[in-house]
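The structure appears below as structure tokens.
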Amino acid sequence: MAPEPPLLSMSGITKSFPGVRALDGVDLDVQAGEVHCLLGQNGAGKSTLIKVLAGAHQPDTGRLRWRGEEVALRSPIAAMRLGIATIYQELDLVEHLSVAENVHLGHEPTTAGFVVRGKAARQSTAALLRRLGHPEIDPARLVGELPAAQQQIVSMARALSHDVRLIVMDEPSAALDPDEVDNLFRIVGDLTAEGVAVVYISHRLEEIRRIGDRVTVLKDGRAVAVGLPAKSTPTREVVALMTGRNVEYVFPERPTAPAQGEEPLLEVQGLTRQGEFEPLDLVIHPGEIVGLAGLVGSGRSEILETVYGARKPTAGHVSVNGRPLKPGSVRAAVRAGIGLAPEERKAQALLMLESVTRNVSVSSMSRFSRAGWIDRRAELGAARAATRELSLRPDNPSVPIRTLSGGNQQKAVLARWLLRGCRVLLLDEPTRGVDVGARAELYAVVRRLADEGLAVLLVSSEVPEVLGLADRVLVLREGRVVHRAPARELDEHRVLDLVMEGSPAT
């Protein structure tokens, strides 16, 4: 008896854009009921490959077979009709529509050929949310009102609202806390038990080993390894395939004793927002990195946004260099020298249709304005100097920001604040969606900026990242600080115990 053909087979896939060969003869096969992990650094070709699979890009050459039959995916609708659903890292939800409307967008429930709105769509959506372990999400609520983790669940519900046989998940755990990741893996296990295949993309290698069956590694648009066993292939081998070199997970060496004889750069006194976080006192000196560790919903991001002035506090105040800032004023914070690299950089920080130059200069435009005109040459020169200081690639600030990898987009955000002369840097999930090699570069950049006298306040869902970068750590649980300690005195298990159980602040 002949063996069953793969559910999906892609062979010799090429795709070029002006000046870039994104895919160069890539092969990929996926079996029904397996989790096939797709790995590679930013710029390796993963996004282009999944867009070909989703019908969003047409390959220049190569073949796609579905259950042994050659197919042409001319559009995302064609891919969906075949049974292929894609959940992108940057969720494509419509914020002003309800959860139910997003889930059924484009294929609303019908009866006798007529579209049925309202109750039927909400009931169907509620059933999908129960299946996903989130019955608390209201199908009638606007998607824009939901936190990032719940928006991820809504995107998954939309994929499951179709008769899918293969789901592509692009960094699905990026916005999830550990409990949510466990639930995600339960969902993936249920799907594969039903014969659904999952193409899983993640930069977290520990997830790949936990959930994956096989691994395909891309580098520079080529598949350098196809179908490796996920659980038995050594991590060092996977990293070497991705980067072309061995990469050790080593954080920059921190100073033996951060300089605290100087006056504090950032002082937070009694800062609180009712319902989000309890009164917080915090002092950061020049050269210090302070980390906030806690689960999603613990108040971490809300604290950063309140310090930045994007949220108005219920009580308390923020001072820079001993001068209190006007509460709830981003302008006052920026003028005082505070810069924020937000959690969702594409939606909250970057002008995706603009050049790297404009993204770097946008907070310093007064420097280049002369009688109502912008001195483009001065703007370009300043942006080039700032990006070169951070080794941003490519070394051409005239290119569109959207063409850069995640790590280099993050460097552009940091370059913006360097150009502005920022003294206090707020970092919210600075390496989300950033590959292994670029993470090491960003860690070195952050440490160097601190060594040059900046005060850094860091938020990350990855506890090893907080412990590896920060000098001191505040552990948060349900909006309050439950522990303070030098990073050297903590380990990952201790922090997780604290965020799950809580303890009196010390």
Side-chain angles (χ1 to χ4, degrees), residues 251-272 277-294 299-309 313 316-327 330 332-341 389-390 413-414 416-430 442-460 463 465-476 480-490 495 505-506:
F251 291 93
E253 184 176 353
R254 60 167 66 91
T256 54
Q260 293 195 11
E262 302 179 53
E263 292 297 316
L265 260 179
L266 178 70
E267 292 180 89
V268 176
Q269 295 181 319
L271 196 70
T272 183
F277 58 91
E278 296 182 10
L280 171 71
D281 294 325
L282 172 66
V283 172
I284 308 181
H285 294 81
E288 273 196 303
I289 302 176
V290 174
L292 301 181
R300 308 168 312 179
S301 296
E302 290 80 1
I303 289 171
L304 258 63
E305 291 175 3
T306 305
V307 171
Y308 185 62
H317 67 269
V318 177
S319 299
V320 175
N321 280 327
R323 297 181 179 180
L325 303 185
K326 178 182 178 181
V330 171
V334 171
R335 285 179 173 174
I338 297 180
L340 169 68
E389 186 175 347
L390 300 184
V413 176
L414 299 182
R416 173 188 301 170
W417 296 119
L418 287 184
L419 184 59
R420 175 75 196 186
C422 153
R423 298 296 311 285
V424 178
L425 189 57
L426 311 177
L427 302 178
D428 196 350
E429 302 288 1
L442 282 172
Y443 295 151
V445 165
V446 172
R447 184 71 262 173
R448 177 168 63 81
L449 293 176
D451 290 346
E452 291 173 357
L454 269 67
V456 179
L457 183 57
L458 165 74
V459 162
S460 175
V463 175
E465 187 165 270
V466 175
L467 298 180
L469 272 179
D471 302 299
R472 292 185 287 119
V473 176
L474 278 62
V475 182
L476 297 169
R480 67 188 182 96
V481 177
V482 296
H483 194 74
R484 300 171 186 255
R488 290 187 179 88
E489 297 178 6
L490 296 170
V495 172
T506 59

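Note that these values count all heavy atoms, side chains included, but never hydrogens, waters or copies made by symmetry.
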Subject >> Shortest non-hydrogen contact between Leu476 and Gly299, atoms and distance >> reply: CD1-C, 4.4 Å

**OP:** Spell out, as yes or no, whether a donor-acceptor pair under 3.5 Å connects the side chain of Trp417 to the backbone of Leu340.
**Re:** yes

Original post:
How far apart are the closest heavy atoms of Val456 and Ile284, and which atoms are they?
Top reply: O-CD1, 3.9 Å

Identify each donor-acceptor pair in which a side-chain atom of residues 318-325 lies under 3.5 Å from a protein atom, sequence neighbours left out, and give them as a table.
none

Subject >> Nearest-0.5 Å distance, CG of residue Leu467 to CD of residue Glu489 >> reply: 12.0 Å

**OP:** Write down the atom of Val473, the atom of Ala487, and the distance for their closest heavy-atom approach.
**Re:** CG2-CB, 4.0 Å

Original post:
Distance-only, no hydrogens or angles: does the Asp281 side chain make a donor-acceptor pair with backbone N or O of Gly270 under 3.5 Å?
Top reply: yes

Original post:
Should we count CZ of Arg335 as having more than 12 external heavy atoms under 6.0 Å?
Top reply: no

**OP:** Output yes when Glu305 and Arg300 qualify as a salt bridge under the 4.0 Å nitrogen-oxygen rule, no when they do not.
**Re:** no

**OP:** Taking salt bridge (charged side-chain N to carboxylate O under 4.0 Å, His left out) as the test, write out the residues that go with Glu267, two or more places apart.
**Re:** none

Original post:
Say you draw a straight line from CG of Leu292 to CZ of Phe277; how long is it, rounded to the nearest 0.5 Å?
Top reply: 10.5 Å

**OP:** Calculate, to the nearest 0.5 Å, the distance between atoms CG and CG belonging to Leu427 and Leu304 respectively.
**Re:** 8.0 Å

